[in-house]
Amino acid sequence: MVDRSKRIQSALTDVDEAVGQTNDMIYQIATATGEQSSVVDEINRNITRLNGLSQQSVEIVGDTNKVAEDIATMAKGLNTNVGRFKV
């Protein structure tokens, strides 16, 4: 009977240790999950920022093309006007 009680006590100690280890692992998983969530949020913010910058770049390229077309039109007009002069 005493031997059986000692084995039960030992088994309960083992269970208690296993529960403690499991709790530690759960805590580590929860901490890692929180850190990963923070990283994902930061990545999302950066992607949103990059998207905005890309849209601005597209607008700038469009504006630049328009300016280039205007300059080409002006240059053509100037060439026409200069061609009227005879030396």
Side-chain angles (χ1 to χ4, degrees):
M1 182 91 158
V2 172
D3 187 47
R4 197 179 272 178
S5 292
K6 286 182 182 178
R7 283 188 290 176
I8 291 172
Q9 183 179 359
S10 176
L12 289 174
T13 300
D14 292 344
V15 168
D16 185 52
E17 288 175 6
V19 168
Q21 290 173 351
T22 302
N23 285 337
D24 288 344
M25 285 187 257
I26 290 170
Y27 176 76
Q28 290 172 356
I29 290 169
T31 301
T33 301
E35 290 171 357
Q36 288 176 349
S37 178
S38 295
V39 169
V40 168
D41 288 344
E42 182 67 25
I43 289 170
N44 284 336
R45 281 191 296 275
N46 288 335
I47 289 172
T48 301
R49 197 173 312 142
L50 285 172
N51 184 38
L53 291 173
S54 295
Q55 289 176 0
Q56 287 177 358
S57 294
V58 167
E59 291 173 10
I60 289 169
V61 167
D63 292 345
T64 302
N65 284 337
K66 176 66 174 132
V67 168
E69 289 172 2
D70 292 346
I71 289 173
T73 301
M74 287 180 205
K76 196 175 197 181
L78 286 173
N79 280 336
T80 300
N81 288 336
V82 169
R84 291 181 186 162
F85 293 102
K86 294 189 180 191
V87 183

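We find the CZ-CG distance between Arg7 and Asp14 to be 13.5 Å, quoted to the nearest 0.5 Å. Atoms CG and CD, from Asn51 and Gln56 in turn, are 10.5 Å apart once rounded to the nearest 0.5 Å. Distance check, rounded to the nearest 0.5 Å: CG of Leu50 to OG of Ser57 gives 10.0 Å. Remark: Leu78 CG to Ile71 CD1 distance equals 11.0 Å, nearest 0.5 Å. Taking OG1 of Thr33 as the reference point, atom CD1 of Ile26 lies at 11.5 Å (rounded to 0.5 Å). Within the model, atoms CD of Gln21 and CG of Asn23 stand 10.5 Å from one another, a figure rounded to the nearest 0.5 Å.
The neighbour count for Gln9 CD, taken as heavy atoms of other residues, nucleotides or ligands under 6.0 Å away, does not exceed 12.
Remark: the backbone N or O of Tyr27 is paired with a side-chain donor or acceptor of Thr31 at under 3.5 angstrom. Under a 3.5 Å cut-off, the side chain of Thr48 and the backbone N or O of Asn44 do form a donor-acceptor pair.
The side-chain contact (heavy atoms from CB on, under 4.5 Å) with Ser37 is formed by just one residue from the set Val39, Asp41, Val40; it is Asp41.
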When you look at Lys66 and Glu69, which way does the salt bridge (charged side-chain N to carboxylate O under 4.0 Å, His left out) test go after all the steps? CA-CA 5 Å; Lys66 176 66 174 132; Glu69 289 172 2; 5.1 Å; no
